[in-house]
Amino acid sequence: MVSSPSLDERAYVPGGETQTAVKILVVGHFAVGKTTFIGSISEISPLTTEETMTQAGEVVDDLKGVQGKTTTTVAMDFGRLTVSERVVLYLFGTPGQQRFVQMWEDMARGALGALVLVDPERLADSFAVIDLIEQYGLDYAIAINHFDGTSSRDKRALREALDLLDDTPIVTCDARDERSSAEALITLVRYLMDRAR
């Protein structure tokens, strides 16, 4: 007996022309806005694995600068965005805590690149994330997530603080805003296309 899938496949793979699936990681440190980013831009209802934070997590999760956070990603986030009739982005959001780093290797397999979300008030938290992405050999762009109440930063100073190569793209975005998130992804995709030439 053959069972039919519970999800409508057309929601994930529309009929018509052959499409190229591109796997993109959305990464960043704890509480930087990865789940929000994917939720703002995904054309399907995103898969999220958000769970309520408990007192046990306070021992391992540094809530400094994010005191209002009540949930956290415990596995991954997943979303989909059709860029054109021929290109579809599959977005995989990774958990930001150090204890979940071991699953990053599996998630990085087959990824074309990564968008690294950064909180300008917690730049040092991004160093380990950027190191991991470079260790996996992925090309990446930096998206400075603009949080309420944060002042804008000079991109040259951010590039220097993050010790980035001159050609690594840096964009400012608001992970809550669909258009802003789309512009950050477009910047990454253009960079990846230029690198592939």
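In this chain, numbering begins with 1 at the start of the sequence shown.
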Is the shortest heavy-atom distance from the side chain of L162 to the side chain of S126 under 4.5 Å?
yes
Is a donor on one side and an acceptor on the other found under 3.5 Å between the side chain of R190 and the backbone of L185?
no
Any donor-acceptor pair under 3.5 Å linking the side chain of K155 with the backbone of P169?
no
Same cluster or not: V118 versus V171, using hydrophobic residues (I, L, V, M, F, W, Y) connected whenever any side-chain heavy atoms lie under 4.5 Å apart?
no
Nearest 0.5 Å, please: how far is CZ in R176 from OG1 in T36?
8.5 Å
Excluding sequence neighbours, so at least two apart, what forms side-chain hydrogen bond (donor to acceptor under 3.5 Å, both in side chains) with S180?
none
Does L138 reach the side chain of L25, with side-chain heavy atoms less than 4.5 Å apart?
yes
Would you say that V88 contacts V83 through its side chain, given a criterion of any heavy-atom pair below 4.5 Å between the two side chains?
no
Say you draw a straight line from CZ of R80 to OG of S42; how long is it, rounded to the nearest 0.5 Å?
8.5 Å
Please tell me whether I186 and V26 are part of a single hydrophobic cluster in this structure, the criterion being side-chain heavy atoms less than 4.5 Å apart.
no
If you apply the rule side chain to side chain donor-acceptor pair (under 3.5 Å), what do you find for S181 with R179, and how did you get there?
CA-CA 5 Å; S181 296; R179 180 173 296 201; over 6 Å; no
Is it true that V22 and M193 fall in one hydrophobic cluster, defined by side-chain heavy atoms closer than 4.5 Å?
yes
Approximate separation, where rounding is to 0.5 Å, of D174 CG and I144 CD1:
13.0 Å
Considering all heavy atoms of both residues, which atom of T172 and which atom of H146 are nearest to each other, and what is their separation?
CG2-CB, 4.4 Å
If hydrophobic clusters are built from ILVMFWY residues whose side chains come within less than 4.5 Å, do I170 and F127 share one?
yes
Minimum heavy-atom distance A175-N145, with the two atoms named
N-OD1, 3.0 Å
T82 side-chain N/O to S84 backbone N/O, donor-acceptor pair under 3.5 Å
no
Evaluate the criterion side chain to side chain contact (heavy atoms under 4.5 Å, CB included) for residue pair R159 and L165; output intermediate values, then yes/no.
CA-CA 8 Å; R159 179 177 302 283; L165 296 174; 5.8 Å; no
Are the side chains of F37 and V32 in contact, using a 4.5 Å heavy-atom criterion?
no
With a 4.5 Å heavy-atom cut-off, do D139 and Y191 have their side chains touching?
yes
Main-chain N/O of R109 paired with K23 side-chain donor or acceptor, under 3.5 Å
yes
Candidate list L192, L164, V129, I24, test side chain to side chain contact (heavy atoms under 4.5 Å, CB included), partner Y140, passing option:
L164
With heavy-atom distances below 4.5 Å as the criterion, would you say the side chains of L91 and I41 are in contact?
yes
Just by distance, do the side chain of K34 and the backbone of G28 share a donor-acceptor pair under 3.5 Å?
yes
Using side-chain heavy atoms (C-beta onward) and a distance below 4.5 Å, is F92 in contact with V27?
no
R122 versus F30, closest heavy-atom pair with distance:
NH1-O, 3.1 Å
Examine distances only and state if a side-chain atom of E183 and a backbone atom of C173 form a donor-acceptor pair shorter than 3.5 Å.
no
Inter-residue atom distance T35.OG1 - L117.CG, 0.5 Å rounding:
10.0 Å
Can you name the nearest heavy-atom pair linking A161 to L123, along with the distance?
CB-CD1, 3.9 Å
Tell me, please, which residues at least two apart from D154 pass salt bridge (charged side-chain N to carboxylate O under 4.0 Å, His left out).
none
Does the side chain of D125 come within less than 4.5 Å of D119's, by heavy atoms?
no
